[in-house]
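In what follows, chains carry the letters A, B, and so on, assigned in the order in which the sequence lines appear, proteins first and then strands, with residues in each chain numbered from 1. These values consider heavy atoms only, across backbone and side chains, with no hydrogens, waters or symmetry-generated copies.
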Number of protein chains: 2
Amino acid sequence: MNTAPDPAAARHRWLTDEEQRIWRAYLHATTLLEDHLDRQLQRDAGMPHIYYGLLVGLAEAPRRRLRMTELAMKAKITRSRLSHAIARLEKNGWVHREDCPSDKRGQFAVLTDAGHEVLRRTAPGHVTAVRQALFDRLSPEQQKALGEIMEIVAEGLQPNEAGADLPWLR
Amino acid sequence: MNTAPDPAAARHRWLTDEEQRIWRAYLHATTLLEDHLDRQLQRDAGMPHIYYGLLVGLAEAPRRRLRMTELAMKAKITRSRLSHAIARLEKNGWVHREDCPSDKRGQFAVLTDAGHEVLRRTAPGHVTAVRQALFDRLSPEQQKALGEIMEIVAEGLQPNEAGADLPWLR
DNA sequence: CGTGACTTGTTCAAGTTTCAAGGAGCTGCC
DNA sequence: GGCAGCTCCTTGAAACTTGAACAAGTCACG
């Protein structure tokens, strides 16, 4: 179950007003930004943000291909979700699957030329959107701080961390 | 393949390596955190994070009720999405709808006692999860910086901002 | 009053994500 | 070899989200 009787920690310490303010700002900003980028990419590239990220992941990989599990890990999504997503991208002609010769269970997702072309065409607009929403509004110090903070948070939730769950292994 | 001070590409300035690192850390951390909290609440409270946020929104409102549009704005979601969500929460018995006497088009979403009870029971665990994932890992300075950064970003995407889109008015 | 523009909330259909289950291949061990 | 236990990926159904379209109510203004 959940938080079993654990005498050690101050289990039920509430958030202070200040913490609450920060937490709400976080939720507020992240949902707005995600919505914003999702809409931007849906409009300009015909796919949600996460799908775009998959194409980027493939574009960066050697020979523009990655095993399904690797891509899932890179994108931090479950393999199930990836399976559906690649099916859709395949239908769009932006990705195709290829059998792995060395492991017959394995599949490669491979970025097609059409997929690469979509990226080439839409990446500038996307970068601009990110820049306008985020980097253009923050001082260099704030950018640096943001990077550090996010690295800490990510590290703490890293799946190989003790007690963390393993979304893509389920 | 990114930081080319290419005059032709100057129109859409690429992200520098450092910016890219920050941006990836951001994406990485926010998706992990969202997944983590979604899973925590699904497990302990039987609903996704956003639905939980709706109950919290109602609990904070006078008389534990809010007009649909107000609640949608508060939660930063479309009215359509809210309509579905409230239908589900109503099925759970945690919310019920009430007609607005002064505007016959209007509906109030009202938190029921059962809904309040769910919050009472699950809030501590949720707060703990947020604390462990976020606040416990950041220095006071980092917390402060995070709050400021997120406020700036949110403000920039605020729907009443010029040129921004209005998700909940669509 | 009455008419047109707008608001409120819902609904429908299409798309996406999750969860549980399962087929198939790999691996180690007897 | 044979078999248990694992990994890789997919599937199908249910839950959730989206965007467009809609009925009903309100409002401003002639």
So, using side-chain contact (heavy atoms from CB on, under 4.5 Å) as the criterion, who are the partners of A:R121 when residues are at least two apart?
A:E117, A:V118
Please determine, for the side chain of A:S80, which listed nucleotide (C:dC19, C:dT10, D:dC9) has the closest atom?
C:dC19
Whole-Å distance separating the CG atom of A:L82 from the P atom of D:dT10:
7 Å
In whole Å, I'd like the distance from the NE2 atom of B:H49 to the C1' atom of D:dC16.
16 Å
Would you mind telling me which of D:dC9, C:dT8, D:dT17 lies closest to the side-chain atoms of B:R79?
C:dT8
Identify, between B:D38 and B:M68, the residue whose nearest nucleotide on DNA chain C lies closer to the 5' end.
B:M68
In whole angstroms, the gap separating C1' of D:dT18 from CG of A:L41 amounts to 16 Å
Heteroatom pairs (N/O) under 3.5 angstrom, protein to nucleotides 3-5 of chain D:
none

Rounded distance (Å) that lies between atom C1' of C:dA24 and atom CG of A:D99
13 Å
What parts of residues 101-110 of chain A reach DNA chain D, counting only heavy atoms under 4.0 Å away?
A:R105, A:G106, A:Q107
Quickly work out the A:R43 CZ to D:dT18 C1' distance and round it to whole Å.
16 Å
CZ of B:R39 versus P of C:dT17: gap in Å, rounded?
14 Å
Just jot down the side chain to side chain donor-acceptor pair (under 3.5 Å) partners of B:H116, sequence neighbours excluded, or say none.
B:R64
Pairwise distance CE(A:M73) to CZ(A:R67) - rounded to 0.5 angstrom
10.5 Å
Output the residues of residues 84-98 of chain B in contact with DNA chain D, where contact means a heavy atom of the residue under 4.0 Å from an atom of the strand; sort by number or write none.
B:H84, B:R88
Residues which pass side chain to side chain donor-acceptor pair (under 3.5 Å) with A:R24, listed by chain and number, not counting sequence neighbours:
A:Q20, B:E60
Measure from the side-chain heavy atoms of A:Y51 and tell me the nearest of C:dT16, C:dT18, C:dT10.
C:dT16
Can you check the B:E70 CD to C:dT7 P distance for me, whole Å?
16 Å
For B:F108, give me all partners under ring-ring contact (aromatic ring centres under 6.0 Å, His included), at least two apart in sequence or on another chain.
none
Using whole Å, what does the distance between atom C1' of nucleotide C:dT17 and atom CG of B:D35 come to?
11 Å
Set out, in order, the CA-CA distance, both residues' side-chain angles and the distance that settles side chain to side chain contact (heavy atoms under 4.5 Å, CB included) for B:M47 and B:L89, then state yes or no.
CA-CA 9 Å; B:M47 66 190 125; B:L89 292 173; 4.2 Å; yes
Which residues satisfy the side-chain contact (heavy atoms from CB on, under 4.5 Å) test with B:A85, sequence neighbours excluded?
B:Y51, B:L54
Taking salt bridge (charged side-chain N to carboxylate O under 4.0 Å, His left out) as the cut-off, I'd like each qualifying pair that reaches into residues 25-34 of chain B, sequence neighbours left out, listed once.
none
Which residue lies toward the 5' end of DNA chain C, B:Q42 or A:Q42, if each is placed at its nearest nucleotide?
A:Q42
Please table the atom pairs, donor to acceptor, closer than 3.5 Å between any side-chain atom in residues 140-149 of chain B and protein atoms at least two apart or in another chain.
from: B:E141; atom 1: OE1; to: B:S139; atom 2: OG; distance (Å): 3.2
from: B:Q142; atom 1: OE1; to: B:S139; atom 2: N; distance (Å): 3.0
from: B:Q142; atom 1: OE1; to: B:S139; atom 2: OG; distance (Å): 3.4
from: B:Q143; atom 1: NE2; to: B:F135; atom 2: O; distance (Å): 3.2
from: B:Q143; atom 1: NE2; to: B:L138; atom 2: O; distance (Å): 3.2
from: B:K144; atom 1: NZ; to: B:E148; atom 2: OE2; distance (Å): 3.1

Listed by chain and number, what are the side chain to side chain donor-acceptor pair (under 3.5 Å) partners of A:E18, not counting sequence neighbours?
A:R21
Give one of base, sugar-phosphate or nothing for A:I50, where a contact means two heavy atoms less than 4.0 Å apart.
sugar-phosphate
Please name all residues satisfying side chain to side chain donor-acceptor pair (under 3.5 Å) with A:R81, sequence neighbours left out, ordered by chain then number.
none
B:P48 and B:R88: which non-hydrogen atoms are nearest, and at how many Å?
CD-NH2, 4.0 Å
